[in-house]
Amino acid sequence: MDKLQMKTPLVEMDGDEMTRILWQQIKEELLEPYIDLKTEYYDLGLPERERTHDQVTVDAAQANKEYGVAVKCATITPNAQRVEEYKLSQMWKSPNGTIRAILDGTVFRAPIMVKGLNPVVKNWQAPITIARHAFGDVYKAAEFKVPGPGAAWLVFTADDGTETREHIHTFEGPGVLQGQFNLETSIASFARSCFQFALDTRQDLWFSTKDTISKRYDHTFKDIFAELYEAEYKERFEAAGITYFYTLIDDAVARVIRSKGGFIWACKNYDGDVMSDMVSTAFGSLAMMTSVLVSPDGCYEYEAAHGTVTQHYYRHLRGEEVSTNPMATLFAWTGALAKRGELDDLPDLTAFAKKLERAAVSTIESGVMTGDLAGLWEGRPRAKKITGLEFLRAIRKRL
């Protein structure tokens, strides 16, 4: 048959370990046989980031801004053990953090719901979408170890030379320090993205921070959301029949557990990192979580919300068969292809992406799945556990 054509390339960001292997298998089994796949390729695997001193990550993000739509594989954010394992010259920062900072977007993460895989929280009936701020905070922080006794101050020097000083702590012995920051322009972009996404999907929007403790930092987030809502979005929300409300992060956690789902939960950068894993696991598996970064100027970057599945990779290197779930990585590709088809007026490409998603979901609903899901399966027939590659081939048959 004739392959589906593309007009504009996707920016393809390859990754690390087991997800890198799944990445290639998805292309070979489910994409290249049907699509004349056009991509602008960037290798974000850790060896290439080391070789280029992480310039490849910056180049990939800039390409995303140029072409509009990117698809990204999971990547390693190295710790001390990884520095030794990969012989790195330094502990390179999170590629996701770098890309988010350059695009200044918001990450929206939502679970893939499948009949027969019931949420751990039994009252959840609809997906909970985590909206994660994509700039600053701990991911761009400066930090160092305090060697011994002394006083720590937070100092801001204005362009005119005047200083503002805030005492942090007087150390009596060794400790650690960290300085975080954010920008009001980025917080406003985050807020607008959340409000607009809520209107587009007709879902209620919740926002949470800890402003009772962080009376300036977190309170600034709260104030900007409130001001923009009142000035630009309140009437539109009321007309759409949806609501916006703010609450403390601890109260939000309690409310989320008691809820039925079906809303957007907006979180600061670190909160969203943690809560998206909690939500995805409670819905079934980290490998069943979609993720898209949306920038204020309309760029999209689709990726899996989970990591590189390191333990499976080590087993794979030993020649063992592994049952690694490729769903989130597959949905990164389908999300990017569907958006590329939408932007380029290629309805057949978008339709193919949606059919591929339905084929993947219905394969699981038929009882065929990877090991992480087999233990959670409550449907009929009984679960048949297969490898990740076998699962992709089962999807292809159904497609």
Side-chain angles (χ1 to χ4, degrees), residues 57-70 93-109 129-143 154-164 166 178-200 205-211 214-237 244-246 249 264-273 275-276 291-301 303:
T57 306
V58 176
D59 293 344
Q62 294 297 343
N64 195 167
K65 295 181 74 171
E66 177 182 354
Y67 289 99
V69 183
K93 292 187 176 182
S94 161
N96 289 346
T98 298
I99 295 166
R100 290 169 192 148
I102 291 173
L103 294 182
D104 188 24
T106 296
V107 180
F108 295 93
R109 290 179 171 172
T129 300
I130 298 288
R132 175 184 172 187
H133 188 210
F135 179 81
D137 299 348
V138 67
Y139 300 88
K140 298 289 286 185
E143 56 186 13
L154 191 64
V155 181
F156 172 76
T157 305
D159 284 346
D160 63 5
T162 58
E163 285 190 352
T164 304
E166 186 78 25
Q178 184 181 81
Q180 298 185 34
F181 76 95
N182 222 294
L183 306 176
E184 291 194 1
T185 53
S186 182
I187 299 168
S189 293
F190 171 45
R192 286 193 171 94
S193 295
C194 292
F195 289 132
Q196 190 58 53
F197 194 82
L199 287 168
D200 291 343
L205 174 65
W206 302 9
F207 178 49
S208 59
T209 70
K210 193 66 173 177
D211 67 287
S214 179
K215 298 180 185 297
R216 296 180 185 176
Y217 198 102
D218 280 22
H219 215 295
T220 299
F221 280 79
K222 176 186 177 182
D223 290 343
I224 289 175
F225 264 76
E227 290 163 7
L228 287 175
Y229 177 70
E230 291 294 330
E232 301 180 23
Y233 294 97
K234 184 177 181 179
E235 292 183 1
R236 296 163 65 185
F237 266 56
Y244 164 71
F245 82 96
Y246 171 84
I249 183 71
I264 301 164
W265 182 11
C267 298
K268 289 172 57 194
N269 209 344
Y270 177 78
D271 295 342
D273 192 358
M275 295 306 169
S276 62
S291 180
V292 56
L293 173 69
V294 183
S295 75
D297 55 353
C299 291
Y300 299 81
E301 184 242 354
E303 61 181 308

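Residues: numbered from 1 along the sequence shown.
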Legend entry - The single option from K222, R216, K268 passing salt bridge (charged side-chain N to carboxylate O under 4.0 Å, His left out) against D211: K222
Inset, instruction - Report the C-alpha distance between T106 and C194 in whole Å, list the side-chain angles of each, state the deciding distance to 0.1 Å, and finish with yes or no for side chain to side chain contact (heavy atoms under 4.5 Å, CB included). - result: CA-CA 8 Å; T106 296; C194 292; 4.2 Å; yes
Inset, instruction - Could you walk me through whether Y300 and Y67 pass ring-ring contact (aromatic ring centres under 6.0 Å, His included), step by step? - result: CA-CA 9 Å; Y300 299 81; Y67 289 99; over 10 Å; no
Inset, instruction - State yes or no: are the ring centers of F207 and Y244 separated by less than 6.0 Å? - result: no
Inset, instruction - Could you tell me whether F108 and F197 have their ring centroids closer than 6.0 angstrom? - result: yes
Inset, instruction - Can you establish whether the number of heavy atoms outside F245 located under 6.0 Å from its atom CZ is more than 12? - result: yes
Inset, instruction - Identify the two heavy atoms, one from I224 and one from A188, that lie closest to each other, and give their separation to 0.1 Å. - result: CG2-CA, 3.9 Å
Legend entry - Point-to-point distance, once rounded to the nearest 0.5 Å, from CG of D59 to CG of N64: 12.5 Å
Legend entry - Verdict with supporting geometry, N96 and S94, side-chain hydrogen bond (donor to acceptor under 3.5 Å, both in side chains): CA-CA 5 Å; N96 289 346; S94 161; 4.9 Å; no
Legend entry - Atom pair CZ (F190) and CZ (F221), whose distance is rounded to the nearest 0.5 Å: 7.5 Å
Inset, instruction - Check the surroundings of atom CG in D159: do more than 12 heavy atoms from other residues, nucleotides or ligands lie under 6.0 Å from it? - result: no
Inset, instruction - Calculate, to the nearest 0.5 Å, the distance between atoms SG and CD1 belonging to C299 and I102 respectively. - result: 12.0 Å
Legend entry - Nearest heavy atoms of S276 and R109, plus distance in Å: OG-NH1, 3.0 Å
Legend entry - Member of L293, D297, T98 meeting the side chain to side chain contact (heavy atoms under 4.5 Å, CB included) criterion with L103: L293
Legend entry - side chain to side chain contact (heavy atoms under 4.5 Å, CB included) between E232 and Q196, worked out: CA-CA 10 Å; E232 301 180 23; Q196 190 58 53; over 6 Å; no
Legend entry - Non-hydrogen side-chain atoms of H133 and S186 separated by less than 4.5 Å: yes
Inset, instruction - To the nearest 0.5 angstrom, please state how far the CD1 atom of I249 sits from the CG atom of D218. - result: 9.5 Å
Legend entry - Centroid-centroid under 6.0 Å between Y229 and F237 rings: yes
Legend entry - Sole candidate of Y246, W206, F195, Y233 that passes ring-ring contact (aromatic ring centres under 6.0 Å, His included) when paired with F225: F195
Inset, instruction - Taking the side chain as every heavy atom from C-beta outward, state whether R132 and C267 have any pair of such atoms under 4.5 Å apart. - result: no
Inset, instruction - Ignoring hydrogens and angles, tell me if any N or O in the side chain of S214 forms a donor-acceptor pair with the backbone of K210 under 3.5 Å. - result: no
Legend entry - Any N269 side-chain heavy atom under 4.5 Å of V138 side chain: no
Inset, instruction - Would you check if the side chain of Y217 reaches a backbone N or O of F181 as a donor-acceptor pair within less than 3.5 Å? - result: yes
Inset, instruction - Check whether more than 12 heavy atoms from other residues, nucleotides or ligands sit under 6.0 Å from atom CD of Q178, and answer yes or no. - result: yes
Inset, instruction - Taking D271 for its side chain and T209 for its backbone only, find out whether a donor-acceptor pair lies under 3.5 Å. - result: no
Inset, instruction - For residues K93 and T57, determine if any side-chain heavy atom of one lies less than 4.5 Å from a side-chain heavy atom of the other. - result: no
Legend entry - Rounded distance (nearest 0.5 Å) linking atom CD of Q180 with atom CG of D137: 5.5 Å
